[in-house]
Each structure stands twice: as C-alpha cells, then as structure tokens.
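Below is one structure; the comments refer to it alone.
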Amino acid sequence: MLAVECIELTKDYRAGFWRPRPVRALDHLSLAVEQGEIFGLLGHNGAGKTTTLKLLLRLIFPTSGEARILGQPAGMMARQIGYLPENPYFYDYLRCRELVEYYAELANVPARERRRQVAWALDRVGMAGAAETSLRKCSKGMVQRVGLAQAIVHQPAVLFLDEPMSGLDPLGRRQVRDLILELKSRGATVVFSTHILSDAEQLCDRVAILQKGRLAGQGRLETLLAGEEDKVELVFAQAGPPQRRVVARAELWGELDQLRAQGAVIHAVTPLRRSLEEIFLSPGAPPASGGRSAAAAAPAAVPVEAQRR
Amino acid sequence: MTSSATISVARNAFREAIRDRVLFSLVFFAVLMVGAAVLFSQMSFGISAQSLVNFSLAAITALGVILAVFLGNQLVAKEIERRTLYTLLAHPVRRGQFLLGKFAGLAATVAVNCGLMGVTLLLALAYVLPGHWAAGEAAVIAALYLILLALAVLIAIALLFSCFASPVMAALFSLAVFIIGNFDQNLRRLGSTAHSWLGGHAAILVADVLPNFGGFNVAAAAAHFQPIAWRLLGWDTLYAIVYAGVALVLATAVFAGRDLK
C-alpha cells in the first residue's frame, strides 16, 4: 500500500473580480510515495508544492483527479497525519505545552498518555526547557519547533511538512534533519516541500520536482543526479592560468594524451555529478497551461518515473 | 463524528476570550451599574427600579451584541487569516465540528459575561430597593435568559456570515440582521398596510426569514416586575434552538466546500 498517491490531481482557482478566469495551480499531478520514505517536493515559489500538500490534507478541493493517503481518499486518514504549514502561526495566548496538548487532544491521544506524548514531542524539537513559555514570547524559530511538536505529538504514520527548515538557525536545521531521520527509522513517511536543495539532497529518498504546477521530474535522487556522470571535468595549466574543460568520459584518455603532448600540467580530473540545483534550474520547463500529462510535460533531461504503479 | 473535538475547540475558544481579556467589559459594566444605582436611588421608589432594570438590560444587550458580532464574525476569518485552521483541520476535526465548537465557545463566553452582569444588576437592585427587590427577581432573570437566547441566535448568524464574507462585511450584515430583527412587528404591519403589492410581500418575506429578535425583548415587562409567562420562555427557547441550528447547518454547508487558500 502506498503512503501517498496523487492521481492526475488538478487544481484551478478563479482569479479576477469582474470576469473571473480559471488559473491552473496544479496540472494533472501524479505522484506515488512509498511507506517509510522521505519524499521531497521541490520547486520554485508558486510551483505548486503548497497546493499539493493542501489538496492532500483536504484544505482545498481538487478540480479533478484524486488524492489517496494510506490507500484511503484524502481526508479519511486524519488520525494518521501530521502537518506543519509554512511559516506557521499558532494561538499566541497559549503556552507551548498547552498548544501541543491541544493538538494532542484533537488527535485523540488518550488522556492518560497525553502528558507523556507532549513531553516527548517538545523534547524531540528541543523545546522541553521552554514548555511553559507563552507563544507570544517565542521567536520565529521557536514557533517553528513548536509547530513540529504539534505535528508529531500523536506519532502519525504520514507527516507533511511545508518548508520545515524555514526560520531555523543552523543548529535548528540539523535538529529537524535528525528528527526527520528518526521519524523515518520509526517507520513514518515524511513528505516535505522545500526550495533548499541541500536539505533535500541530505534527506530525501526520492523527490518530485514541480514547475509551474506540473511534474517536471520524479525519482530517486541517485537516478536524477546521475544524468551527467558520463562527463569529466579537467583542470589544467598550459603557460598561463589554470583552465577548465568538460569532456566525455570516453574521450578522457585521448584528451589527456593530447594535453600532455602539448606540455600542459594536469591539476585535477573530476567526474561530473549533476547537483539537484542544476536539475531544478534546468531549461525545458513545461509550458504553463494545457492539458498534457505530467509524463509528457517533463523535460527530456529529467527522468520521470511511471505515473502510477 | 465525535463530540470530543467539538468540546476541545469550544474550550479553546472560551480560553481565548478569557485570555484576550474579553471579560474586562464586565469591569466597565460594573462601574456603570454602581453609577446608575447611585443615580437612580435618588429618584422615587418605583421609577428608580424601573429605570435601573431598563437601563441595565439595555446595557447587557448592547455589550452582548458587541461581543457576539465582533467576536463571532472573526471566529472563522481569524483562524483562516492566521492559518491556525490548517493545522486544526489536518487533525481528525471536521469542519462542522470546528464551527459547532467555535459557536459553543463564544456562546459560553457571552453566557458567563451576561450571567455576571446579571448578578451585578441584581445586587444593584438590592441596593436601590432594599428589602423589596425579590419581587422582581424572577422577571429580571427571565429577561436575562431571553437576552442570552437572542445572543445565541446572533452568534450563529455572525458565524454563518463569517463563513463567506470578510470580517467587516460579516459584522455589518450581522448588525443589520439584529436591528431589522428587532423591528419584526413593524415590518409585518408595514407588509399588511403597504400600498405596493411587491413592497408589502417583501416586508413580510424579510420578517419571515430574519429572526424575530423583538420577541426576545421583555425588558418593559421585567422593569415593571410583571411575571414572564413560562409559555413564552418555552416558545422562545424552541425558536432560538431551531433558528441557531438552521444557521449552523447552513454555515457548515457553506464552509464544508470552501477552499482554504
């Protein structure tokens, strides 16, 4: 059973006051997330990451298509879901502990276990010492941590995190990364959106790249990053400052022989590996509108996995 | 649908009102009552009691309406604007449960507010009419109960408007409904005597659709310590339950399909 599944998910909004016209925020998105995976939703601002998460949480409703969580239509498995929105704001008249307790109550955590669960969640996000602090007095980073605590307090099977590292200092980011890995080791599925590519590179088993509401690529990071492994970077000096040249791996030895014959000094030979950023920013973004499928819309440089399993 | 989520939301809404110092209005009311009691005690025996009851019930109603309208229309809007609703609805909380919880929380806040104001009024009456005030106690309590019912209906209406209108518009709509609803009998009279067929039927239609807030107003009878009929209390209770219930069902229907952008 898949943890999360989007099938041809499409969302149109109506924009304009006098003559509203539909604007497509998400275009036939198909995704499949396995249980126990850390899955990254990547894309620029406005790419459709938050729209996808909101559709999965039934905060907005699809124009067409279907979203399923743990095999059930989205909205049916709320007890198994944790969610942290982007730049969260919480009831500032509450203390941190009270807030997490409130969400534990809403998540039907039994009263006898609630106190222990709340203490565990606050401890895991590094807020145990500030449990009695009013949210009014919390910094942005502290609010983000409390937000994470409310998302995990009921130990959900599937966790949706919208830009979870936002507003955190380096230590906080590391703690959140460790927490996500810990949740994975406990068997939870984590789907998070980010535009911070290093986070995705460090954490994600698989990622989906969204561009203008469409799936531009989906797959294992190794697969996505292996796109240019057949190329090698040469750094050499030949009577002047060092130069850089990228050659195909098959042509490496011939190129080296030629440079040596010319009296060049070879400084470095480095196999090229695409960074996620290169894929993210690669040309070939699909057109903004139209009804093509996600697979058809994907740029040639980015492999797209089968849309449904 | 479990009720525990509704109770949790209601408790939190009540806690918000308390911590946001909504009940500070009580202090204002208490000061007002002490001043009024001292002032009215200078008048003759009967007039002082009538004036005090009239004045106090009007003040309780006005403060209650302000709370119901201005807190009621923010109940949903504020949660959406601050995105606290996102995390809430990501948990096993249905939108109907959320609305019902918010309604119950604000109704409880208004009830506590009115109750404490009512106690202040009764104490002021005891001061103005030492040894005689008990005669009017039941009438005043009945009038307070009916004010509370009217405010519950108004909260449900404010909640309904807040599901699709901006806070300012929702407040204006709710206030308009409250004011028009207080002139129910005038509307019906206008409907039956209007020269225009269309105008007459429109007035009757408005009177039929909008709640009859005038029906909850027994301040004049209470001021004269006239007993309030049990039948009226029962009928108004039923009317308030049905009207608030319909408004909440409509609010849920509107809100259930709304995108939370």
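As the structure is a computational prediction, the values presented were derived from the model and not from experiment. Proteins get letters first, then strands, A, B, ... in listed order; numbering begins at 1 in each.
- In this structure, B:R83 CZ and B:L88 CG are separated by 15.0 Å, a value rounded to the nearest 0.5 Å.
- Ring pair A:Y102/A:Y91 is perpendicular by interplanar angle, where above 60° counts as perpendicular and below 30° as parallel.
- Note: B:V9 leads B:V9, B:L85, B:L89 in heavy-atom pairs under 4.5 Å with chain A.
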Please report the C-alpha distance between B:V140 and B:L121 in whole Å, then the side-chain angles of each, then the deciding distance to 0.1 Å, and finally whether the side chain to side chain contact (heavy atoms under 4.5 Å, CB included) criterion is met. CA-CA 9 Å; B:V140 171; B:L121 165 60; 3.5 Å; yes

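- The contact between B:A256 and chain A is made entirely by backbone atoms, counting heavy-atom distances below 4.5 Å.
- For A:Y13, the part lying near chain B is the side chain, with the backbone staying farther off; criterion is any non-hydrogen pair under 4.5 Å.
- Of the atoms belonging to A:L56, not a single heavy atom falls under 4.5 Å from chain B.
- Residue B:R95 touches chain A through its side chain alone, counting heavy-atom pairs closer than 4.5 Å.
- For A:Q150, the parts lying near chain B are the backbone and the side chain together; criterion is any non-hydrogen pair under 4.5 Å.
- Under the 3.5 Å distance criterion, the side-chain polar atoms of B:E79 are left unmatched by any main-chain donor or acceptor of B:V76.
- Note: B:F161 and B:F164 have perpendicular aromatic rings, judged against thresholds of 30 and 60 degrees for the angle between ring planes.
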